[in-house]
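Taking it in order: structure first as structure tokens, then the write-up.
Treat the numbers as computed from the prediction; the structure is a model and nothing was measured.
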Amino acid sequence: MNEFEHDVQSKRNDLNDSMVGFIVAFIGFSAIFIVATIIDVVAG
């Protein structure tokens, strides 16, 4: 067994961190898309 597996730094569930990362990235890209769409509609 790996010696680092005995004393892990974080015992949190990786699924929670993955979901938070996905949601933050999704909101960020959605915001970029929405701003670009608003600029396109206003300029068009």
Could you pull out all donor-acceptor pairs under 3.5 Å where a side-chain atom in residues 33-44 meets a protein atom, sequence neighbours excluded?
unit_1 : atom_1 : unit_2 : atom_2 : d
Thr37  : OG1    : Phe33  : O      : 2.7

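One finds the CG atom of Asp14 at 12.5 Å from the CE atom of Met19 (value rounded to the nearest 0.5 Å). The distance from the OG atom of Ser18 to the CG atom of Asn13 is 8.5 Å, given to the nearest 0.5 Å.
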